[in-house]
2 protein chains.
Amino acid sequence: MEGKDNHELFACDHSARMTGDRRREVILETAFNLFSKRGFSGTTTKDIARSAGVSEATVFKHFSTKDELYAALLDVKKCSEGHHRFPWEENESLIKAMNSNDDYGVFYSFAIRALDKQQSDISFMRMLFFSALEEHEMADRFYTEFVAKIYDFLGAYVKKRQKDGAFRKVAPKIVVRAFLGMLIHHSLNNILWDKNRRVLDISNETAAKNFAEILLRGITLKAS
Amino acid sequence: MEGKDNHELFACDHSARMTGDRRREVILETAFNLFSKRGFSGTTTKDIARSAGVSEATVFKHFSTKDELYAALLDVKKCSEGHHRFPWEENESLIKAMNSNDDYGVFYSFAIRALDKQQSDISFMRMLFFSALEEHEMADRFYTEFVAKIYDFLGAYVKKRQKDGAFRKVAPKIVVRAFLGMLIHHSLNNILWDKNRRVLDISNETAAKNFAEILLRGITLKAS
DNA sequence: ATATGAAGTAAGTGCTTACTCACTTTTGAA
DNA sequence: TTCAAAAGTGAGTAAGCACTTACTTCATAT
């Protein structure tokens, strides 16, 4: 027993026939795992079929081409897995910190939420990078619909606090880029290069705390 | 006679017969461009041959397998293109700044050198990411032989300045990760997602200046 | 001049790829 | 119970893949 095949994870009887929609989901989830591991051109439809526990013909009954399967995957992953949710939605401590001008709270809450999410969805991160390198449209759409909004949101907060006289004058987008850089680069290190944490082994809490502190001290106007 | 002379002047005349070594170089360079654009499995040996202006058989006369070609590529790129040179070698302003404890100079010089290099060698950056995702050994080797050394080098400077009482107590490696995060993430944005600089359009000088300032203020102990 | 060996290739090889088709099995509403 | 529609597949196909073979072309040392 390989036990690795995806269909077994879904508590489904091999012999049982599924509804079309259910089978579709299983194939999509299986394909997602493979694409995120090996990229688009590194994954074959035969692999997908085998891992999903169906024949290749069944895969093509649900998705007329490999490209269509990939596209459907991007839609599902973008809409269904909480990635359309912005890091400030359902993040009460962030909202609360913002309303009370608790700058550290803002950056810490944002950071810990982002790091946790990235760590819990390594496949999605890998897929994002693969699609960016392979120049699939997903990368563009994700960037304009999701990342760009984060720049607006955090940037607006920075601008507000600059008006309050709390932050010094730095282009807000540069501040956001610096902060996202710390967070995303740290996750990327953990996912791609330093998997066994030889260079740096810290918890997400420690990372969030230190990054938030560095950024905050980096942009606050010290009252003297 | 005169016509023959012209042929010899153009090193890239595909119809002319080359020495084995020269042809090898041409094939390697061509393969590098294609692999960096489409990844390993997305590039065919036929493509490489066509782009290099030779037959597929010639490619296999020089490299017995596609994998061997890829491996040779990694060696060449690692050794010949200055990537084995660390950002502090041949960077006088960085060394000078370090010796005179000019903290801003240190981080600014490091940053501008890194950003310029990354921008001038987009193909190498793409290749690095492809090989990390595809889990080729290059990623590992590059990280342990190059990146880890940067952590040691910059980390040592931070530690020294902490002992001097100039920097506050933060784990030096976290400081390095934060700074490299800003730099690499910024380059990555420019290369992969925000190619036409819609979200943020700044010069390398501006980026280096702002990132260095943010980091430095983030870790200095303000004398009061 | 000519022999030698390296540079270079046309035309394959067998295998893999994405995708199709003719067909069987199962489901559920009437 | 009946049966149309849906789920599912074995056995393909043509094109594409990495790689090979048997051969030609050409520079150069003798």
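Residue numbers begin at 1 in each chain, while the letters A, B, ... track the order of the sequences.
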Heavy-atom nearest pair, Ile112(A) first then Ala208(A), reads N-CB, 3.8 Å
Minimum heavy-atom distance between Glu68(B) and Ser64(B), given as atom pair plus value = OE1-OG, 2.6 Å
Selected nucleotide, minimal atom distance to [X] side chain, candidates [options]:
{"X": "Lys61(B)", "options": "dG8(C), dT9(D), dA18(C)", "result": "dG8(C)"}
{"X": "Met18(A)", "options": "dT9(C), dA18(C), dG8(D)", "result": "dG8(D)"}
{"X": "Phe60(B)", "options": "dT20(D), dA18(C), dT9(C)", "result": "dT20(D)"}
{"X": "Ala57(A)", "options": "dT9(C), dG10(D), dC19(C)", "result": "dG10(D)"}

What is the distance, to the nearest angstrom, from the [atom1] atom on [X] to the [atom2] atom on [N]?
{"X": "Ile48(A)", "N": "dT16(C)", "atom1": "CD1", "atom2": "P", "value": "17 Å"}
{"X": "Arg50(A)", "N": "dT16(C)", "atom1": "CZ", "atom2": "C1'", "value": "15 Å"}
{"X": "Tyr70(A)", "N": "dA18(C)", "atom1": "OH", "atom2": "P", "value": "14 Å"}
{"X": "Arg22(B)", "N": "dA27(D)", "atom1": "CZ", "atom2": "C1'", "value": "18 Å"}
{"X": "Glu56(A)", "N": "dT17(C)", "atom1": "CD", "atom2": "P", "value": "9 Å"}

Between Asn210(B) (side chain) and Thr206(B) (backbone), is there a donor-acceptor pair under 3.5 Å?
-> yes
Side chain Arg38(B), main chain Ser36(B), donor-acceptor under 3.5 Å | no
Specify whether Phe107(A) and Phe179(A) have parallel, tilted or perpendicular ring planes, treating 30° as the upper limit for parallel and 60° as the lower limit for perpendicular.
-> perpendicular
dT25(D) base to Arg17(B) side chain: any donor-acceptor pair below 3.5 Å?
-> yes
Could you tell me which residues satisfy salt bridge (Lys or Arg N to Asp or Glu O under 4.0 Å) with Lys209(B), sequence neighbours excluded, listed by chain and number?
-> Glu213(B)
Answer yes or no: does a side-chain N or O of Arg23(A) lie under 4.0 Å from OP1 or OP2 of dG8(D)?
-> yes
Hey, is the side chain of Thr58(B) poking within less than 4.0 Å of OP1 or OP2 on dT9(C), counting only N and O atoms?
-> yes
For residues Phe35(B) and Phe130(B), establish whether the separation of their ring centroids is below 6.0 Å.
-> no
Comparing Lys66(A) with His62(B), nearest DNA chain C nucleotide closer to 5' gives the residue His62(B)
Tell me, which of residues 37-47 of chain B have any heavy atom that sits under 4.0 Å from an atom in DNA chain D?
-> Thr43(B), Thr44(B), Thr45(B)
